[in-house]
Protein chains: 2
Amino acid sequence: MKDGPDISRVAALIGDPGRANMLAALMSGKALTAGELAAEAGVSSQTASAHLQGLEAGKLIVRTKQGRHHYFKLASDDVAGVLEALMGLAAKTGQLRTRTGPRDAELRLARVCYNHLAGDMGVALFDGMMARGFLHVKADELALTAAGYKKMAALGIEVEGKSRAPLCRECLDWSERRSHLAGRLGRSILEHVYAQGWAKRVEGTRAVRFTGLGGAAFRKAFEF
Amino acid sequence: MKDGPDISRVAALIGDPGRANMLAALMSGKALTAGELAAEAGVSSQTASAHLQGLEAGKLIVRTKQGRHHYFKLASDDVAGVLEALMGLAAKTGQLRTRTGPRDAELRLARVCYNHLAGDMGVALFDGMMARGFLHVKADELALTAAGYKKMAALGIEVEGKSRAPLCRECLDWSERRSHLAGRLGRSILEHVYAQGWAKRVEGTRAVRFTGLGGAAFRKAFEF
DNA sequence: TCCATAGTTCGATCTCAACCGAACCATGCA
DNA sequence: TGCATGGTTCGGTTGAGATCGAACTATGGA
């Protein structure tokens, strides 16, 4: 009974530790070069090249050539979604790699998930926006309310855009097992957070470090 | 940078065609025996035995021994969720296995997804219940409204239960790319549909075939 | 007690893919 | 033009795991 699409091809691509590490690195949302991804996966550049070809052929990542560098990023938010789901399941089934150390705590507090904010802060933001009536769900579609549009305008956050990617999308958190805000709006808000200097990325990890004042200002601005 | 849980173990388990077929078969929600799963995957019983051990060790499935039969089912709704997500992505990236034939159309119309109703009918039910105000979403939690509880009581559908599994849950559809209703309520409703004789499973597939009167009665009962 | 059936274990085989050394192409810079 | 750097291609090696034949264990029934 071979109903439905062929799962195993995609899963097999993610199933190699090297490729999985590359994909996890790309979850940061940044486009990375072949060399960086090779280092990330801990393999030689030749091996990395082969893996990247495979991932590209499987449409999990896309390549942009720029000069003598090849930049790679995740092909779509759907791919990021599957990876998050897998992380959630892997965390739950106890295949944990995370030893709860200081850096780990920082990751649980706030980190980037693809291109938006995840962790405690991400979940709190989502819950707050729902409670304040800035977001609502109707027939499975997450959307900004009129009040939400007004709020974003007041904060100077871009919500228009020609891209047909969804403005609002939920994304399940592997540490919190709760939803946080993804989609174009999620990305815009994270960019706003950076622009205001409320927080910045911790070099070399996916953690986002808020300043004391920045965290307070963020909560105040979004009223949560 | 090895942030987060170890994805690749889980993905590798799903990445073998044989095991993927087994998991897909278990998406029907029924518990299947080792022999049935071997046939499903198209491998010998010895090979199947090895695969089933792996899946069990990886906590993707659970085993129940009953006499000389070993029954297997998916370990949790999370596993089903990951499989659905992978199906969605695989369908989108064009790794389609489905030739759109008559049986395929039937699958798109109505099928079981783990233990609840998916396909056109499943999505329509979900949308209808949201529109009628039987369901609402608050802070990422999908829940029955007072009106929803009343309606279920009127239809004689069990909604209480000691299980701590969520009563309501959304589940993304690979054919529709929309949400339908999962969770304990989703299961109860499907059982109600069977009990009323509105529809029954098509032997050997995941398709659910509604009778003409049954489909109408179903729509009438849930007002969509 | 004997047999049939369901499933597992063991052992051997074999294929596929991950890996890297070496050579090769392409771009940027001096 | 020459050189350094980033990436890819090719070839050969290796190891993990998928597979099945054969033997073994457990349950149910005659």
Side-chain angles (χ1 to χ4, degrees), chain A residues 2 6-26 30-75 90 95, chain B residues 2 6-26 30-75 95 97:
Chain A
K2 308 157 223 165
D6 186 5
I7 267 186
S8 68
R9 276 220 173 75
V10 181
L13 281 174
I14 310 177
D16 176 78
R19 286 190 297 261
N21 281 338
M22 291 179 177
L23 291 170
L26 290 173
K30 280 207 318 190
L32 300 175
T33 67
E36 289 168 327
L37 288 168
E40 207 64 59
V43 296
S44 70
S45 64
Q46 308 94 297
T47 305
S49 179
H51 282 166
L52 290 169
Q53 273 187 345
L55 290 172
E56 193 184 9
K59 302 196 182 161
L60 296 188
I61 61 175
V62 290
R63 175 193 309 245
T64 334
K65 293 186 199 175
Q66 216 168 90
R68 54 182 166 182
H69 292 276
H70 293 211
Y71 284 95
F72 297 88
K73 61 184 175 76
L74 296 187
Q95 319 255 5
Chain B
K2 307 158 223 164
D6 186 4
I7 266 187
S8 68
R9 276 220 173 74
V10 181
L13 281 174
I14 310 176
D16 175 77
R19 286 191 297 261
N21 281 336
M22 291 179 176
L23 291 171
L26 290 173
K30 280 208 318 191
L32 299 174
T33 66
E36 289 168 326
L37 288 168
E40 206 64 60
V43 297
S44 71
S45 64
Q46 307 95 296
T47 305
S49 178
H51 281 165
L52 289 169
Q53 273 187 345
L55 289 172
E56 193 185 9
K59 303 198 183 158
L60 295 188
I61 61 175
V62 290
R63 175 193 309 246
T64 335
K65 293 187 199 177
Q66 217 167 88
R68 53 181 167 181
H69 293 276
H70 292 211
Y71 285 94
F72 297 88
K73 63 185 174 73
L74 296 187
Q95 319 255 6
R97 166 186 290 174

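Order of the sequence lines fixes the chain letters, A, B, ..., with proteins taken first and strands second; residue numbering starts at 1 for each chain. Only this structure's heavy atoms are used, side chains among them; waters, hydrogens and symmetry mates stay out.
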**Prompt:** Roughly, in whole Å, what's the span from CG in A/Leu55 to P in C/dA17?
**Reply:** 14 Å
**Prompt:** To the nearest 0.5 Å, how far apart are CD in A/Glu40 and OG1 in A/Thr33?
**Reply:** 10.5 Å
**Request:** Rounded off to whole Å, could you give me the CG-to-C1' distance for the A/Leu37 and C/dA18 pair?
**Result:** 17 Å
**Item:** Contact pattern, 5' to 3', of nucleotides 3-12 of chain D - B, S or - by protein heavy atom under 4.0 Å
**Value:** -BBSSBB---
**Asked** When the distance from CZ of A/Arg9 to P of C/dA17 is rounded to whole Å, what number comes out?
**Response** 11 Å
**Complete:** CE (B/Met22) and CG (B/Asp16) are apart, to the nearest 0.5 Å, by 8.5 Å
**Item:** Side-chain heavy-atom pair A/Arg19, A/Ile14 within 4.5 angstrom cut-off
**Value:** no
**Message:** As an exercise, state the distance from CG of B/Leu52 to NE2 of B/His70, rounded to the nearest 0.5 Å.
**Reply:** 10.5 Å
**Asked** For the residue pair B/Leu26 and B/Phe72, what are the closest heavy atoms and their distance?
**Response** CD2-O, 3.3 Å
**Request:** Calculate the interatomic distance between B/Lys65 atom NZ and D/dA26 atom P; express it in whole Å.
**Result:** 10 Å
**Asked** For B/Thr47 and D/dC20, is the shortest distance between a side-chain N/O and OP1 or OP2 below 4.0 Å?
**Response** yes
**Request:** In whole angstrom, give the distance that lies between atom CG of A/Asp16 and atom P of D/dG15.
**Result:** 17 Å
**Request:** Please tell me if the side chains of A/Asn21 and A/Val43 come closer than 4.5 Å, counting only heavy atoms from C-beta onward.
**Result:** no
